[in-house]
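Everything on this sheet refers to the single structure shown next.
All values below were derived from every heavy atom in this structure, side-chain atoms included, with hydrogens, water molecules and symmetry-related copies excluded. Here the structure is a predicted model, which is why all the values come from computation and not from measurement.
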Amino acid sequence: MSFLKPKTHIEQGDVVILYLSVNSMHAIEAVPTIVNKKGETIAHIFQTPYGSLKVQNIIGVEYGSRVELSKGWAHVLQPNPELWTQTLPHRTQIIYTPDISMILHQLEVRPGAVVVESGTGSGSLSHYFLRALKPTGHLHTFDFHEARADQAREEFKQHGLGDFVTVYHRDVCNLGFTSALDGAADAVFLDLPAPDLAVPHAFKALKLSGGRFCSFSPCIEQSQRCIEMLTKLGFNEICSMEVLQQESVIKTRTLPIIDLEFLKEPKPADNGTNDENKTKEPKELKKYLTSSNPQVLPGHTGFLTFATLPPNIPKA
């Protein structure tokens with residue numbers, strides 16, 4: 001029940017984030033014993049670069065506490081979608097926070113909304129959808145791979161989110177989102193190799209009062225074909241964008257202050273005085289905090305194609 005609501009203490013069966021550093025975090029299940037590859041029940045010992053953790057010892061500990069490892073220490077945190085995205089087991093490539101934040105904003109996901117998602121994959125984006133639409137909304141998520149769908153269903157149940165999500169094993173490009181979802185969705189999200197094949201089914205799934213659509217595609221050709229189908233079906237406000245995250249290089253630079261007052265005075269006549277005998281005054285320096293772009297630009301993730309279905313479009 002780790003994701004359902006804020007908690008103060010770790011309970012047995014919770015998924016816990018073991019925080020070692022900003023670049024080293026692990027999701028572990030708070031259970032005292034596990035079954036090894038030989039089928040034997042053994043104590044649950046989690047190994048880290050800073051030594052081992054006997055997982056039984058963290059049950060009952062307050063979230064956010066510092067716990068001792070055999071060669072160091074770590075913190076135990078309650079998971080949220082941001083931490084889960086960084087620690088989840090990858091069954092597929094996943095969408096990360098920069099793209100996810102734009103998707104949630106553009107799809108206007110809110111409590112009470114009904115969202116249709118395909119495909120589920122590793123469930124990274126699904127957890128963000130669920131946090132945004134709880135406690136009265138619902139997520140319908142589809143994956144054509146049966147094992148992945150089963151794993152995702154079990155994972156949502158383990159995280160305490162099973163009441164807010166329905167997982168389907170289904171090829172939506174050929175079979176659609178089921179007739180039960182026709183006219184039921186406030187928003188549809190696609191992460192498919194051929195999104196244009198699923199756009200007509202998304203059209204049927206959106207409410208008569210209209211709704212928002214998004215497709216994530218790594219190739220611009222996929223986005224182009226999707227836009228052609230969206231235009232054909234009467235969607236408007238169609239746009240594609242690419243979200244790139246980059247860090248600014250911050251440096252402190254010391255620059256001399258140029259004194260231009262001498263320009264206001266007439267130039268003194270040269271009377272043969274040796275300039276080498278003159279003492280030079282030290283220049284005044286000032287420090288500035290500067291920002292610049294890094295030398296290496298961030299890599300491409302994918303193109304986000306958004307569109308709006310206007311209300312009362314006939315659905316033959």
When you measure from the side chain of T136 to the backbone N and O of G112, does any donor-acceptor pair fall under 3.5 Å?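 Such a contact is found between T136 side chain and G112 backbone.
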Under the 4.5 Å side-chain heavy-atom rule for ILVMFWY, direct or indirect, which residues accompany I220?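 F303, which link up through side-chain heavy atoms under 4.5 Å apart, make up the rest of the cluster.
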Each residue besides I45 in its hydrophobic cluster should be listed here, by chain and number; the cluster joins Ile, Leu, Val, Met, Phe, Trp and Tyr at side-chain heavy-atom distances under 4.5 Å.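 Noted: I45 shares its cluster with no other residue.
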Hphob cluster co-occupancy, F216 + L139, side-chain heavy atoms under 4.5 angstrom: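 Same hydrophobic cluster.
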Same apolar cluster (I L V M F W Y, side chains within < 4.5 Å links), M25/V76: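 Not linked; separate clusters.
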Do V172 and F144 make a side-chain contact, defined as non-hydrogen atoms from C-beta onward lying under 4.5 Å apart?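 V172 does not reach F144 side chain to side chain.
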Close side-chain approach of S65 to H75, heavy-atom, < 4.5 Å: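 Side-chain contact under 4.5 Å: no.
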Is the distance between the ring centroids of [X] and [Y] under 6.0 Å?
X: H145; Y: H169; answer: no
X: F213; Y: F306; answer: no
X: H9; Y: Y63; answer: no

Just do the ring pair (Phe, Tyr, Trp, His ring centres under 6.0 Å) check on Y19 and H26 with the steps written out, would you? CA-CA 7 Å; Y19 180 94; H26 306 275; over 10 Å; no
Partners of E108 by salt bridge (charged side-chain N to carboxylate O under 4.0 Å, His left out), sequence neighbours excluded?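 Once residues adjacent in sequence are excluded, E108 has no partner under the salt bridge (charged side-chain N to carboxylate O under 4.0 Å, His left out) criterion.
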When you check the side-chain N and O atoms of R91 and S122, is any donor under 3.5 Å from an acceptor?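 Absent: no donor and acceptor within the cut-off.
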Is it the case that more than 12 heavy atoms not belonging to Q93 sit under 6.0 Å from its CD atom?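 Result for CD/Q93: open.
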Lys/Arg-Asp/Glu bridge criterion (N-O < 4.0 Å) met for R170, D143: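 No.
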